Undergrad: 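Sharing a structure below in structure tokens format, with a few things to ask.
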Amino acid sequence: MPSAEIDYYELLEVSRGVDDATLKSSYRKLAMKFHPDKNPGCAESEAKFKAISSAYACLSDPQKRAAYDQYGHAAFENGGMGGAGGMGGNPFNDLGDIFESIFGGFGGGGGGRGQARRGADLRYDLEISLDEAFHGKSEQIEIDVSVACEPCDGSGATPGTGTRRCNLCGGHGKVRAQQGFFMVERTCPTCHGRGEVIESPCRSCGGEGRVDQRQTLDVNIPSGVDTGTRIRLTGKGEAGPFGAPAGDLYIFVHVKRHSVFERDGTTLLTRAPITFTKAALGGEIELPGLDGTRHTITIPAGIQSGKQLRQRGAGMPVLQGRGRGDLVVEIQVETPTKLSAKQKELLRELQETETGDECPQSKGFFDRIKNVWEGLTE
């Protein structure tokens, strides 16, 4: 029975107030049930499939559905809604678009030619010292990489020759194969999705358009890099096949451990041993920095081991920014293990003052100990 004589809602087995999602779901089930590929040679299934396709093409369009709800099939007779350009023409006019949106290309029109496949990205691991990370540097590296073939300029064809349309896919770059009642679309195995084949392959690259080569590259390492920093060299990865764009080369930085400094982001950490007299009386110490200067650290009187002192602006440079982090110094008070007789005498005197009337924090007493102690240890 022609689809024009059957109610579209009944054909799709839905009610008149159906929402778009339910309408699409019902159509999909019916389309898969009556699809000609599933029912080869069955004229009744083919007619049913055409009918439900016409019904869905109408009801999935808001304007056509409104006209159908008001006037029924008469809305599309005598050129209504665009005549043959509306619902009066071939029911498969819009079928490719319908299947493309619902089944992701299943049963649709011919496929397109494949896009040029970009070359692969490459990784290179580079180890540098903390001093190099502080100052930055220029480094030369060597890598084995596929590059565009010079004789054929990356085309893969012998100079003076060209390409022809692939006979297997007809230039579409894709072929179809039936699996059960589904038509599956795949990349053409002959032209690899290009839609064309090389008539005379280049002898240098075998028609691939690229050859392996060892290259020397200059890498600029900016100051402030840290382990895990990634530097991209655009277009320095694998060359793409048949003249396609090259991938990128990624330099992964690894910073070696330093004998004096540890690092936490832009903060440098180190430990500084001091004598117990300097810890008690206070003073200053000097530490060499990665920047080549000597940094003066002020030691407050009475400092304890483990206390951290911060020198602002003496740490690592900010990567691709301004300023520097801080230098953090952890104080370690050293206790002497070998004492002379005079040193022992001074310490006994100190012990007596700690239990006697004299204040153990008497500056004059500690100054005397310091002078004598330093004279004995010179």
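Treat the numbers as computed from the prediction; the structure is a model and nothing was measured.
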Undergrad: Before giving the answer on side-chain contact (heavy atoms from CB on, under 4.5 Å), spell out for Cys58 and Lys64 the whole-Å C-alpha distance, their side-chain angles and the decisive distance to 0.1 Å.
TA: CA-CA 6 Å; Cys58 172; Lys64 293 177 182 178; 4.1 Å; yes
Undergrad: Go through the structure and list residues passing side-chain contact (heavy atoms from CB on, under 4.5 Å) with Asp144, not counting sequence neighbours.
TA: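 Asp144 satisfies side-chain contact (heavy atoms from CB on, under 4.5 Å) with Arg214 once adjacent residues are dropped.
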Undergrad: Are any of the side-chain heavy atoms of Pro317 and Phe134 separated by less than 4.5 Å?
TA: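 A side-chain contact under 4.5 Å exists here.
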Undergrad: If we only count heavy atoms from C-beta on, is the Asn167 to Thr190 side-chain gap below 4.5 Å?
TA: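 Asn167 vs Thr190: side chains apart.
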Undergrad: Got a second to check how far Gln140's CD is from Thr216's OG1, nearest 0.5 Å?
TA: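 OG1 of Thr216 is found 6.0 Å from CD of Gln140.
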Undergrad: Start with the C-alpha gap between Asp19 and Thr22, add the side-chain angles, then the distance that decides, and say whether side chain to side chain donor-acceptor pair (under 3.5 Å) holds.
TA: CA-CA 6 Å; Asp19 57 65; Thr22 305; 2.9 Å; yes
Undergrad: Evaluate whether atom CD of Glu150 has more than 12 neighbouring non-hydrogen atoms of other residues, nucleotides or ligands under 6.0 angstrom away.
TA: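 Counting neighbours around CD of Glu150, 12 or fewer heavy atoms of other residues, nucleotides or ligands fall under 6.0 Å, so no.
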Undergrad: Taking CZ in Arg203 as the centre, count heavy atoms belonging to other residues, nucleotides or ligands within less than 6.0 Å. Is the count above 12?
TA: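 No - once you tally the heavy atoms of other residues, nucleotides and ligands closer than 6.0 Å, there are 12 at most.
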Undergrad: Is a side-chain N or O of Asn39 found less than 3.5 angstrom from the main chain of His35, in a donor-acceptor match?
TA: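 Here the side-chain-to-backbone pair exists.
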Undergrad: For Gln332 and Ser305, test the side chains for any donor-to-acceptor distance below 3.5 angstrom and give the result as yes or no.
TA: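 Short answer, no.
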Undergrad: For Tyr9 and Arg65, which I'm curious about, is there any donor-acceptor pair between the side chains at under 3.5 Å?
TA: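 Indeed, the side chains of Tyr9 and Arg65 share at least one donor-acceptor pair under 3.5 Å.
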Undergrad: For Asp153, is the CG atom crowded, meaning more than 12 foreign heavy atoms sit under 6.0 Å from it?
TA: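 Not buried by this count: 12 neighbours or fewer within 6.0 Å.
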Undergrad: Which pair of non-hydrogen atoms, one from Tyr68 and one from Asp7, has the smallest distance, and what is that distance?
TA: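 Taking every non-hydrogen atom into account, OH-OD1, 3.3 Å.
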Undergrad: Give every residue pair that meets the side chain to side chain donor-acceptor pair (under 3.5 Å) criterion with at least one member in residues 312-324, sequence neighbours excluded.
TA: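 Listed once each, the pairs are Asp291-Arg324, Arg312-Asp326.
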Undergrad: Specify the closest pair of heavy atoms between Pro222 and Leu319, including all atoms of both residues, with the distance to one decimal.
TA: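 So the minimum-distance heavy-atom pair works out to CG-CD1, 3.8 Å.
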Undergrad: Is there a donor in the side chain of Tyr8 and an acceptor in the side chain of Asp69, or the other way round, less than 3.5 Å apart?
TA: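 No, no side-chain donor-acceptor contact under 3.5 Å.
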Undergrad: Would you kindly say whether Thr229 and Asp226 are connected by a side-chain donor-acceptor distance under 3.5 Å?
TA: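 Distance-only check fails for Thr229 and Asp226.
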Undergrad: Heavy-atom distance under 4.5 Å between the side chains of Ile274 and Glu334, does that happen here?
TA: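 Answer no - side chains too far apart.
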Undergrad: With rounding to the nearest 0.5 angstrom, report the NE2 to OG1 distance, His254 to Thr227.
TA: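 These two atoms lie 7.5 Å from each other.
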Undergrad: If we ignore angles and hydrogens, is there a donor and acceptor under 3.5 Å between the side chains of Ser200 and Thr158?
TA: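 Yes, side-chain donor-acceptor contact under 3.5 Å.
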Undergrad: Is the backbone of Phe242 close enough, under 3.5 Å, to the side chain of Ser155 for a donor and an acceptor to pair up by distance?
TA: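 Such a contact is absent between Ser155 side chain and Phe242 backbone.
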Undergrad: Would a single hydrophobic cluster contain both Tyr250 and Val253, if residues Ile, Leu, Val, Met, Phe, Trp and Tyr are joined by side-chain heavy-atom contacts under 4.5 Å?
TA: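 In one cluster: no.
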Undergrad: Donor-acceptor pair, distance only, cut-off 3.5 Å: does the side chain of Glu127 make one with the backbone of Asp125?
TA: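 Not at all, since once roles are kept as given, no pair shorter than 3.5 Å links the two residues.
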Undergrad: Distance check, rounded to the nearest 0.5 Å: Asn220 atom CG versus Glu139 atom CD?
TA: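 It comes to 11.0 Å.
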Undergrad: Restricting to non-hydrogen atoms, name the atom on Arg263 and the atom on Val225 that form the minimum distance, rounded to 0.1 Å.
TA: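 So the two residues come closest at NH1-O, 2.6 Å.
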Undergrad: Working to the nearest 0.5 angstrom, can you tell me the gap between Gln215 CD and Lys236 NZ?
TA: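 One gets 6.5 Å once the value is rounded to the nearest 0.5 Å.
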Undergrad: Do Leu287 and Val329 have side chains that approach each other closer than 4.5 Å (heavy atoms only, starting at C-beta)?
TA: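 They are in side-chain contact.
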Undergrad: Would the distance check show the side chain of Thr270 and the main-chain N or O of Val260 forming a donor-acceptor pair, the cut-off being under 3.5 Å?
TA: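 A pair under 3.5 Å: yes.
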Undergrad: Please examine the side chains of Leu122 and Leu233, heavy atoms only from C-beta on, and report whether any two atoms are closer than 4.5 Å.
TA: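 No, too far: nothing below the 4.5 Å cut-off.
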Undergrad: Is any NZ, NE, NH1 or NH2 atom of the basic residue among Asp121 and Arg123 found under 4.0 Å from an Asp or Glu carboxylate oxygen of the other?
TA: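 Judged by the 4.0 Å cut-off on N to carboxylate O distance, Asp121 and Arg123 do not form a salt bridge.
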Undergrad: Are Glu349 and Lys344 close enough for a salt bridge, meaning some N to O gap below 4.0 Å?
TA: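 Salt bridge absent between Glu349 and Lys344.
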Undergrad: Roughly how far, to the nearest 0.5 Å, is CD of Glu196 from SG of Cys188?
TA: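 It comes to 12.0 Å.
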Undergrad: Let me confirm one number: the CG-OG distance from Leu346 to Ser340, rounded to the nearest 0.5 Å.
TA: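 One finds 8.0 Å between CG of Leu346 and OG of Ser340.
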Undergrad: Are Leu130 and Val219 joined in one hydrophobic group, where the rule is that I, L, V, M, F, W and Y side chains link up if heavy atoms are under 4.5 Å apart?
TA: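 Shared cluster, yes.
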Undergrad: Decide yes or no on side-chain contact (heavy atoms from CB on, under 4.5 Å) for Val255 and Ile128, but give the supporting numbers first.
TA: CA-CA 5 Å; Val255 181; Ile128 63 174; 4.3 Å; yes
Undergrad: Taking the hydrophobic residues Ile, Leu, Val, Met, Phe, Trp and Tyr, and joining any pair whose side-chain heavy atoms are under 4.5 Å apart, which ones share a cluster with Leu168?
TA: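 Leu168 shares its hydrophobic cluster with Val175.
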Undergrad: Check this for me: does any side-chain nitrogen of one of Lys137 and Glu132 sit under 4.0 Å from a carboxylate oxygen of the other?
TA: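 Judged by the 4.0 Å cut-off on N to carboxylate O distance, Lys137 and Glu132 do form a salt bridge.
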Undergrad: To check you understand the geometry: which heavy-atom pair defines the closest contact between Gly209 and Cys205, and what is its length?
TA: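 For Gly209 versus Cys205, the nearest heavy atoms are N-SG, 3.1 Å.
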Undergrad: Salt bridge or not for Lys50 and Glu46, using N-O below 4.0 Å?
TA: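 The answer is yes: the pair qualifies as a salt bridge.
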Undergrad: Would you please test Ile221 and Leu126 for side-chain contact (heavy atoms from CB on, under 4.5 Å) and show each step?
TA: CA-CA 10 Å; Ile221 309 297; Leu126 178 64; 3.6 Å; yes
Undergrad: Working note: Phe34 + Phe49, criterion ring-ring contact (aromatic ring centres under 6.0 Å, His included); need CA distance, chi angles, decisive distance, verdict.
TA: CA-CA 5 Å; Phe34 294 104; Phe49 181 74; 8.6 Å; no
Undergrad: When you compare the side chain of Val18 with that of Leu59, does any pair of heavy atoms fall below 4.5 Å?
TA: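 Leu59 does not reach Val18 side chain to side chain.
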Undergrad: Is there a side-chain contact (heavy atoms from CB on, under 4.5 Å) between Lys48 and Leu11 once you walk through the steps?
TA: CA-CA 9 Å; Lys48 183 73 171 180; Leu11 273 172; 3.9 Å; yes
Undergrad: Verify the cluster assignment for Leu269 and Leu327: are they in a single hydrophobic cluster under the rule of side-chain heavy atoms below 4.5 Å apart?
TA: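 Different clusters: Leu269 never reaches Leu327 through Ile, Leu, Val, Met, Phe, Trp or Tyr contacts under 4.5 Å.
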Undergrad: Which pair of non-hydrogen atoms, one from Cys152 and one from Ala157, has the smallest distance, and what is that distance?
TA: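 Minimum heavy-atom separation between Cys152 and Ala157: CB-O, 3.1 Å.
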Undergrad: Answer whether the closest heavy-atom distance between the side chains of Phe252 and Ile231 falls below 4.5 Å.
TA: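 A side-chain contact is absent here, since even the closest heavy-atom pair is not under 4.5 Å.
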Undergrad: Could you tell me whether the side chain of Glu284 and the main chain of Thr298 form a donor-acceptor pair under 3.5 Å?
TA: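 No; judged by distance alone, with no hydrogens or angles, the pair does not exist.
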Undergrad: Would you find more than 12 non-hydrogen atoms of other residues, nucleotides or ligands less than 6.0 Å from Gln308 atom CD?
TA: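 For Gln308, atom CD is crowded (more than 12 foreign heavy atoms under 6.0 Å).
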Undergrad: Check the surroundings of atom CZ in Arg294: do more than 12 heavy atoms from other residues, nucleotides or ligands lie under 6.0 Å from it?
TA: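 Yes, enclosed.
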Undergrad: Would you say Thr267 and Glu262 make side-chain contact, with heavy atoms under 4.5 Å?
TA: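 Side-chain contact under 4.5 Å: no.
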Undergrad: Can you see which heavy atom on Val211 is nearest to which on Ser204, and at what distance?
TA: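 Result for this residue pair: CG1-O, 3.6 Å.
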Undergrad: Among Val328, Thr296, Leu268, Ile297, which residue satisfies the side-chain contact (heavy atoms from CB on, under 4.5 Å) criterion with Gln311?
TA: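 So the option named by the test is Ile297.
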Undergrad: Any donor and acceptor pair, going by atom type alone, linking the side chain of His172 with main-chain N or O of Cys166 inside 3.5 Å?
TA: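 Flag not set: sc His172 to bb Cys166 has no pair under 3.5 Å.
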